[in-house]
Amino acid sequence: MKPGSRTGFVHEVDYISEDGNPVIRVFGRTEDDNSFVSLCTEFKPYFYCLPGPGYSSKQLLKRILSPEVSMPAHVIEASLEKKMRLGDEITLVRVTLDSPREVRSSRSLLRQIPAVEEIFEKDILFKRRFIIDTGINPLGAVVLGNKTVTNRWPVDIVYENGVPECREEYLHASDLRVLALDIEVACRAGLPNPQLDPIIMIGLADSKGTRILSYGRSGGDIEICESEGDMIRRFSTIVREGDYDLLLGYNSDSFDLPYLRTRARKNGLRLCLGRDLSELTYQPGSVMGRSIIRGRINIDLYPPVRRMLNLPTYKLSEVYSHLSGREKEELEVGEIRDLWSSGREEDAVSIARYCASDVEATMYIAMEVLPTLIELSKHTKQLLADVARMGQSQMVEWLLIREAHGRGELVPNKPTRTELSRRRRETYEGGYVLEPRKGLQENIVALDFRSLYPTIIVTHNVDISTLDCDCCPEDNVSPTGHHFCRRQEGFIPSILGRLVDRRKEIKVELAEVDPGSPELTRLNAMQSALKILSNSFYGYSGYPQARWYSKESAESVAAWGREYIKMAIAEAEAEGFQVIYSDTDSVFMTIQGAVGTELVVRAMEFLRRINSSLPGDIELEYQGFSPRGFFVSKKRYALISEDGRITTKGLEVVRRDWSRIAKETQRSVLRSILEDGDPSRAAEEVRQAIRRVSERSVPVEDLVISTRMTKTLQSYDADAPHVALAKRLKESGEEIRKGSNIEYVVRKGSGRVGDRAQSVSEARKKDYDIDYYIENQILPPSMRILSSFGYREEDLRYYKTKQSTLDGF
DNA sequence: TACCAGAGGAG
DNA sequence: AAATCCTCTGGTA
């Protein structure tokens, strides 16, 4: 390191235009705790032109450089460059431009030249191009020079050293200055309207504690401001003076931050939270918009939580209680308005308590998901804020783009519209599912292939570049007839292989670490990020929008998967096991007469034998033992473990779109059957539930059926119950959109369920349809289990005569 | 009764 | 902005 220079860690990267020239800005914090920005004016955007048939790359270069092509004034350089493309070396013309804004226009002009076959890498965002080409690691270290300018922005140090030198070292998450925020709005009716409804409180939490800003009301620990405007100004000051690196919210991208900006404007202010003092901007998106705070990491936790957790709803309170096991303070929207308008001190304190619990819950959730997001950022080498907004396919794609650049591989283009629709019509066969042996089963061993699809990709070298090579065609042919080269390691297999190996190492380390140590959290985050990434490659290769799309690869992986699982089933049966069920990569089996330990020992012997014949990394593992299980149909079963814990798959118990009474009744039926091994207690539970429904002693909450709108109201062809209700709700002025949860209770009467579906607030105990809840909610899920013991529906309707013949069961 | 659209889950 | 396989419901002809 040069004298006087120091190390900094990268938080954010963007660019601005100065006199039409791009200036890249790398924001972060130095190791001695000063925020910095490092400016780079040397980096320019570029793309590649591939010469068409009949043209050499030299001819194309000449054409591009010739004045009569009127090469856009913005081209500042063109040169030849060699790249690898699907295993072949090709020469392209690299065209460098003076500004990222001119990429689009220059690209269109160049495409008109007949010698240009196709243009590559023109749609890689400028800041991402910079990160990839310079080798900068987001959250990683850069060596900063010593050429500094001061007093330009409210960052501590400004460097003007051009491209920073990078180091393989990363910041500690605990070094980030984190601020979580949440606003409360006094809302007249319906959804908050930023034109009319003021913000009444701002909750802020950082490592030192929680602060609540408000105005016009005192009480508790509220920090009093003079007005809404003053409160917003105070908030901006706190962000700037605390010089936070990471701003967090829950739904903050689409709610809190744009709302703050609009209210600031209403008060004649500008919401300037950026490290360059710039105003917050809102960038609308096709699915969800994004709030931009320049120079700071801005994360809305809602999208990553939505992707990383599987929950019935994603309300802040639900997510918090799922992760922490604790409940948080709650207030209804109307309550906030009433408490605020009362003007009483204790009411303001109630709102403040609620606001504090929201912002603290946000911080709690962040601590749970950030470690994994940070690891994903390190692997994909994308900015943390971008990773938090990316889907799995995008993460895989950026990982591949970065690797491609390092290896001199040309990045394939995204599919054209016609290619995309062609790909969408292509289908292929997926995993194998064995029809289960239905009913109650005892002494079950579960086995599964460890990371089946990733290990198939690595072991069989499945890749576009290895597909149908000419050098070794007999060997390594998938059951779909596709051959993959053995001699040259494929692009994707080599990357995936590294991820899979790394995860294996971490799992070994994990086994040696003390429970409860901080090292455990870190290693867990590392392995979970690797798991997310490695499991995404197969789906990515079959994803029509993927740059490295390969139906042949996806199809071959699935076909090999079917072959291995069917082989495992056949071998198990040949060794005397009875296979009860199998889905994709798992097998459930038993041996007549063998119980507990003996069965497990036999299974282990079987594993040893089968694994010695399996190629490469492909490995069948012991998963667990269940004294009893009940199998209803494909993808629907329940198992009990030796310590009495029940896992249920696919059945109503685990579905969001059944009433609680239906799910709880089914749950108790399963429990009784799996614990007792006979159905008499279970049948009695069903009769009790039916009796309670008939007597109207079931609370309305237990009758609510919740269904999600998966598309916009107008695009529905069929009038399902939730759609019919949604249409009525819209009539009465409610906001219904894609993603809305429609909750309803079925009222008594005749006709369609949809016509009788009423929203929860209107529903009354005396109005619900007893018959519907017995016949359509309680009986079907219970009968799926009890019918296998000979029960009929009339045996369970409590008011009917019990069938004496069944008492002997 | 047969069929379809739609929802949500498994792996 | 990952894939396919699968079951079940309510509505309609």
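Per chain, numbering begins at 1; letters A, B, ... match sequence-line order.
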Q: Could you tell me whether the phosphate oxygens of dG10(C), OP1 or OP2, come under 4.0 Å of any side-chain nitrogen or oxygen in Y772(A)?
A: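 For dG10(C), OP1 or OP2 has a side-chain N or O of Y772(A) closer than 4.0 Å.
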Q: Where the side chain of R752(A) is concerned, which of dA2(C), dT12(C), dC8(C) is the nearest nucleotide?
A: dT12(C)
Q: What is the separation between atom NZ on K727(A) and atom C1' on dG10(C), rounded to the nearest whole Å?
A: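 About 14 Å, once rounded to whole Å.
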Q: Under 4.0 Å: is that the gap between some side-chain N or O of R562(A) and OP1 or OP2 of dT4(C)?
A: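 So the side chain of R562(A) is outside the cut-off, no N or O lying under 4.0 Å from OP1 or OP2 of dT4(C).
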Q: Nearest whole angstrom, please: distance from the P of dG9(B) to the CG of D657(A).
A: 7 Å
Q: dG8(B) phosphate, OP1 or OP2: any side-chain N/O from R656(A) under 4.0 angstrom?
A: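 Answer yes for this pair, as a side-chain N or O of R656(A) is under 4.0 Å from OP1 or OP2.
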Q: In whole angstroms, how far is the P atom of dA1(C) from the OH atom of Y540(A)?
A: 16 Å
Q: Can you measure Y432(A) atom OH to dC5(C) atom C1' for me and round it to whole angstrom units?
A: 13 Å
Q: Think K634(A) has a side-chain N or O under 4.0 angstrom from the OP1 or OP2 of dC6(C)?
A: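 Yes, K634(A) has a side-chain N/O under 4.0 Å of OP1/OP2 on dC6(C).
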Q: Tell me what W658(A) touches on the nucleic acid: a base, only sugar-phosphate, or nothing, going by heavy atoms under 4.0 Å.
A: sugar-phosphate
Q: Can you confirm if the aromatic rings of Y581(A) and Y637(A) lie within a centre distance of less than 6.0 Å?
A: yes
Q: Using whole Å, report how far CD of E435(A) lies from P of dC6(C).
A: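 Result: 9 Å.
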Q: Name the nucleic acid region contacted by F537(A), choosing base, sugar-phosphate or nothing; use a 4.0 angstrom heavy-atom cut-off, strictly under.
A: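 It contacts nothing in the nucleic acid.
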Q: Under 4.0 angstrom, heavy atoms only, what part of the nucleic acid is S536(A) near: base, sugar-phosphate, or nothing?
A: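 Counting heavy atoms under 4.0 Å across all strands, no contact is made by S536(A).
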Q: Report which part of the nucleic acid G542(A) touches: base, sugar-phosphate, or nothing (heavy-atom distance under 4.0 Å, all strands).
A: sugar-phosphate
Q: Just N and O in the side chain of Y716(A): are any of them under 4.0 Å from OP1 or OP2 of dA7(B)?
A: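 Result: yes.
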Q: Could you check how far CG of L533(A) sits from P of dA2(C), rounded to whole Å?
A: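 Taking CG of L533(A) and P of dA2(C), I get 13 Å after rounding.
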Q: Check whether any side-chain nitrogen or oxygen of H722(A) sits under 4.0 Å from OP1 or OP2 of dA7(B), and answer yes or no.
A: yes
Q: For D769(A), which of R756(A), R747(A), K748(A) qualifies under salt bridge (charged side-chain N to carboxylate O under 4.0 Å, His left out)?
A: R756(A)
Q: Would you check if the distance from the ring center of Y453(A) to the ring center of W560(A) is below 6.0 Å?
A: no
Q: Can you tell me the distance, in whole Å, between the CE atom of M390(A) and the P atom of dA2(C)?
A: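 The distance from CE of M390(A) to P of dA2(C) comes to 12 Å, rounded to the nearest Å.
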Q: May I ask you to check if K566(A) and Y432(A) form a cation-pi contact, with NZ or CZ under 6.0 angstrom from the six-membered ring centre and within 45° of the axis?
A: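 Pair K566(A)/Y432(A) counts as cation-pi.
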Q: V753(A) has a side chain; which of dG8(B), dG11(C), dT9(C) sits nearest to it?
A: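 Closest nucleotide to the V753(A) side chain: dG11(C).
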Q: Given dG6(B), dA2(C), dA10(B), identify the nucleotide with an atom nearest to the side chain of Y637(A).
A: dA10(B)
Q: Any donor-acceptor pair under 3.5 Å linking the side-chain atoms of S553(A) with those of S556(A)?
A: no
Q: Which listed nucleotide (dT7(C), dG9(B), dG6(B)) is nearest to the side chain of S633(A)?
A: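 The nucleotide sitting nearest to the side chain is dT7(C).
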Q: Taking the six-membered ring where the residue is Trp, are the ring centres of F120(A) and F47(A) under 6.0 Å apart?
A: no
Q: Rounded to whole angstrom units, what separation is found between the CD1 atom of I705(A) and the C1' atom of dG10(C)?
A: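 Rounded to whole Å, this separation is 11 Å.
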Q: Looking at dA2(C), dC8(C), dG8(B), which one has an atom nearest to any side-chain atom of E652(A)?
A: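 Of all the options, the side chain of E652(A) is nearest to dC8(C).
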Q: Is any side-chain N or O of R389(A) closer than 4.0 Å to OP1 or OP2 of dA1(C)?
A: no
Q: Establish, with yes or no, whether the OP1 or OP2 oxygen of dG10(C) is under 4.0 angstrom from a side-chain nitrogen or oxygen of N776(A).
A: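 Looking at the OP1 and OP2 atoms of dG10(C), one of them is under 4.0 Å from a side-chain N or O of N776(A).
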Q: Does dG9(B) have its OP1 or OP2 closer than 4.0 Å to a side-chain nitrogen or oxygen of K649(A)?
A: no
Q: Tell me what P781(A) touches on the nucleic acid: a base, only sugar-phosphate, or nothing, going by heavy atoms under 4.0 Å.
A: nothing
Q: Could you please name the option among dT9(C), dA10(B), dA7(B) that lies closest to any side-chain atom of V654(A)?
A: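 Comparing dT9(C), dA10(B), dA7(B) against the side chain of V654(A), the answer is dA10(B).
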Q: If only side-chain N and O atoms count, and only distance matters, is there a donor-acceptor pair under 3.5 Å linking Y549(A) with E426(A)?
A: yes
Q: It should be established whether R655(A) places a side-chain nitrogen or oxygen under 4.0 Å from OP1 or OP2 of nucleotide dG6(B).
A: no
Q: Nearest to the side chain of V433(A), which nucleotide is it out of dC6(C), dT9(C), dA2(C)?
A: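 Of the options given, the side chain of V433(A) lies nearest dC6(C).
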